[in-house]
Structures are given as C-alpha cells and as structure tokens.
Amino acid sequence: PRPFMRNTVAAHKGEWGPALADYIKDSAFDATVALGKLGTHVADEIVETIQNWPADNRQLTVFIKGFNSGLRDRGTMAKHVDFEVS
C-alpha cells in the first residue's frame, strides 16, 4: 500500500479548517457549496501528492513500465480522485 493519502493529510490537515471557514463565508454560509469547494481543494492536493511521488519502483516494474516514476503509469489514479458531499 502507498501512503499518499496519509502523506497528504499530514501535510495539509492544518490548512483545511481555516479554508473551510473561508469557503463558508464566501458561499453565504451555504454548507453544501462550502464543502464542495473544500472537497475540490483536498482532491487537488491528493492529485499533487500523486504527481510528485518519488521514483520508488522496483527494477522489474521500471523494466515493464519503461520509466521509474512512482504511482504514475497511465495517470489513471490521479484522474480518478473524487469526492462526494451528501
């Protein structure tokens, strides 16, 4: 398992509360809109973590992929980061 989610939370968790407060004010106190903005913010940070993941593949994986870039092959994982406000 890769800790990209854990790393994102550790790096940014202190920013999310103040960001949510700003989003709530900016959205005229509409919680659904504010949480949607926060979801987009967090999802963007997760994608950034995936894109900046170090080159840590095993030799066989490098041979198969043709390059050494951790968490990135076809970009599928980064393209599918999503959230839901319910």
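If you take CD1 on I46 and CG on N7, they are separated by 11.5 Å, rounding to the nearest 0.5 Å. With rounding to the nearest 0.5 Å, the separation of CG in L35 from CD1 in I24 is 7.0 Å. The structure places OG1 of T61 at 8.5 Å from CG of N68, a figure rounded to the nearest 0.5 Å.
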Sequence neighbours excluded and cut-off under 3.5 Å, please list the side-chain donor-acceptor pairs for residues 76-86, or say none.
| residue | atom | partner | partner atom | Å |
| --- | --- | --- | --- | --- |
| H80 | ND1 | T76 | O | 2.7 |

With a cut-off of 3.5 Å and sequence neighbours excluded, list every side-chain donor-acceptor pair involving residues 11-18.
| residue | atom | partner | partner atom | Å |
| --- | --- | --- | --- | --- |
| H12 | ND1 | E15 | OE1 | 3.1 |
| H12 | ND1 | E15 | OE2 | 3.4 |
| H12 | ND1 | E45 | OE2 | 3.4 |
| W16 | NE1 | E45 | OE1 | 2.7 |

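A19 is linked by a side chain to side chain contact (heavy atoms under 4.5 Å, CB included) to Y23, L38, counting only residues two or more places apart in sequence or in another chain. Residues forming a side chain to side chain contact (heavy atoms under 4.5 Å, CB included) with D44 (at least two apart in sequence, or on another chain): T40. Qualifying side chain to side chain contact (heavy atoms under 4.5 Å, CB included) partners for F67, counting only residues two or more places apart in sequence or in other chains: K65, S69, D73.
Between D26 and K37, the closest side-chain pair of non-hydrogen atoms falls below 4.5 Å.
The cluster map of Ile, Leu, Val, Met, Phe, Trp and Tyr, joined by side-chain heavy atoms under 4.5 Å apart, puts F29 and V33 in different clusters.
No donor-acceptor pair under 3.5 Å is formed between the side chain of N57 and the backbone N or O of V62.
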